[in-house]
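Structure first, then comments.
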Amino acid sequence: MFRSPLFSRGLIVSDEGFRVRLLSRYFLLYEEEGLSVKLQFEGDTRKDLFYGSIESPSTDMPLSLSPETEKRIYGNVQRALEWKGFSVRLV
């Protein structure tokens, strides 16, 4: 289940322990315990989430994560954005 705090409309919090924060029109921040990554996306109501765009939020350098971790992150971000009402595709 997801929720979005009243005064933080760009934040989506999951009961599964992760958060997705819309940083700007082109970037979002994914956070879970011990992991924080920035991803690139584009679009208005239809969001294109760019595969391979995972980077460190502090250095903007690409991160090397296991394929399982990347798959989990992209899946969690997609579910969160769809809960918020967006149509999401991984490109």
From [X] atom [atom1] to [Y] atom [atom2], the distance as rounded to the nearest 0.5 Å:
X	Y	atom1	atom2	value
Lys38	Glu55	NZ	CD	4.5 Å
Lys47	Arg89	NZ	CZ	13.0 Å
Ser14	Met1	OG	CE	10.5 Å
Arg25	Asp44	CZ	CG	5.5 Å

### Query
Is Glu16 salt-bridged to Arg79, going by a charged N under 4.0 Å from an acidic O?
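The answer is yes: the pair qualifies as a salt bridge.
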### Task
Considering only Ile, Leu, Val, Met, Phe, Trp and Tyr, and joining two whenever side-chain heavy atoms are under 4.5 Å apart, list the other residues clustered with Val77.
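Hydrophobic cluster check, Val77: joined to Phe2, Ile12, Phe18, Val20, Leu22, Leu28, Tyr30, Leu35, Val37, Leu39, Phe41, Leu49, Tyr51, Ile54, Leu63, Leu65, Ile73, Tyr74, Leu81, Trp83, Phe86, Val88, Leu90.
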### Task
State, to 0.1 Å, how close Pro57 and Ser36 come at their nearest heavy-atom pair, and which atoms those are.
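For Pro57 versus Ser36, the nearest heavy atoms are CD-O, 3.2 Å.
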### For Arg3, all residues meeting side-chain hydrogen bond (donor to acceptor under 3.5 Å, both in side chains), sequence neighbours excluded
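If we apply the side-chain hydrogen bond (donor to acceptor under 3.5 Å, both in side chains) test to Arg3, skipping adjacent residues, there are no hits.
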### Task
Begin from the C-alpha positions of Asp48 and Gln40 and carry the test side-chain contact (heavy atoms from CB on, under 4.5 Å) through to its verdict.
CA-CA 9 Å; Asp48 290 337; Gln40 190 175 9; over 6 Å; no
### Query
Counting N and O atoms only, with roles assigned by atom type, does the side chain of Ser4 sit under 3.5 Å from a partner on the main chain of Leu11, one being a donor and the other an acceptor?
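Side chain of Ser4 to backbone of Leu11, a donor-acceptor pair under 3.5 Å: yes, one is there.
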